[in-house]
Engineer: 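Sending over a structure as structure tokens; questions will come in a sec.
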Amino acid sequence: MMTWFNAIILGMKLFVLLTLGITFPIELSRICLNNSFNPVKFITDKAFHFYLMCLIAVVFFPLPTASQAVGLTYKVQLIPFFALYDIITNFSISAVCQVIFNIIMTVPFGMFLRYRFGFSARKTVIATLILSAFIEIAQLTGLFFIYKGSFRLCDVDDLMLNTLGGFIGSVIYSQINNRLPSLTSHVWSWKDGILVNA
């Protein structure tokens, strides 16, 4: 079974492929056309892409093998707070870690939406809910019926915990936003063949 660490390694590989194959050529063309470069936006965008690739790796990989796919059925857990009940009645460190991880997983998403894209707190929570719903539906339907069954459990608790994580990320941003570099004041442009701060 793939560990979170292995999933992050896979996310790094996906990030490199995405950057070298798609986003870097596009951004290089845009820099040349606009004759300007914003290093803060560039680094923030790369961090966001890296986060998304790791998120995809964690929630969808490893994919089932051909033999595993044969026995798949559609699985869903619709009882709210069942994870909390499970921890109380059958305490295990792994169950606690699973709950904590489902919250932490979307904290960066909430922070990125507030900082990079200017979302309000309300829109951030709604967007995180939509993201989590997309993940859970994809897991329930076997990547939208590519597989004939769920290879991960679709869990209403995951939906709530992921949304809570996005809210926490939004709150963290509101506490540190004054310390973050401005996305508009660090623009560099080419003048006489020299890159200068505009």
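Predicted model, so just to flag it, every value in this text is computed and none were measured.
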Engineer: Taking everything shown except F134 itself, do over 12 heavy atoms lie less than 6.0 Å from its CZ?
Structural biologist: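 Incorrect, the count does not exceed 12.
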Engineer: Tell me whether F144 at atom CZ has more than 12 heavy atoms from other residues, nucleotides or ligands lying less than 6.0 Å away.
Structural biologist: yes
Engineer: Show the nearest heavy-atom pair for residues A138 and F60, with the distance to one decimal.
Structural biologist: CB-CE2, 3.6 Å
Engineer: Is there side-chain contact between V156 and Q77, with at least one heavy-atom pair below 4.5 Å?
Structural biologist: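 Answer yes - side chains close enough.
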Engineer: Please test T106 against F167 for side chain to side chain contact (heavy atoms under 4.5 Å, CB included), starting from the C-alpha separation and ending with a verdict.
Structural biologist: CA-CA 9 Å; T106 50; F167 170 74; over 6 Å; no
Engineer: What orientation do F82 and Y85 show, parallel under 30°, tilted 30 to 60°, or perpendicular over 60°?
Structural biologist: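 Taking Y85 first and then F82, their aromatic rings sit tilted (interplane angle of 30° to 60°).
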Engineer: Is it possible for you to check whether K46 lies under 6.0 Å from the centre of the six-membered ring of F42, through NZ or CZ, and within 45° of that ring's axis?
Structural biologist: yes
Engineer: With the side chain counted from C-beta on, respond yes when L161 and F101 share a heavy-atom pair under 4.5 Å apart, and no when they do not.
Structural biologist: no
Engineer: Give, for atom OG of S150 and atom CD of E136, the distance between the pair rounded to the nearest 0.5 Å.
Structural biologist: 10.0 Å
Engineer: Nearest 0.5 angstrom please: T163 OG1 to I168 CD1, how far?
Structural biologist: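 Going from OG1 on T163 over to CD1 on I168, the span is 11.0 Å.
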Engineer: Are side-chain heavy atoms of F112 and T44 found at a separation under 4.5 Å?
Structural biologist: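 Of all side-chain heavy-atom pairs linking T44 with F112, at least one is under 4.5 Å.
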Engineer: Just how far is it from atom OG1 of T124 to atom CE of M111, taken to the nearest 0.5 Å?
Structural biologist: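 One gets 11.5 Å once the value is rounded to the nearest 0.5 Å.
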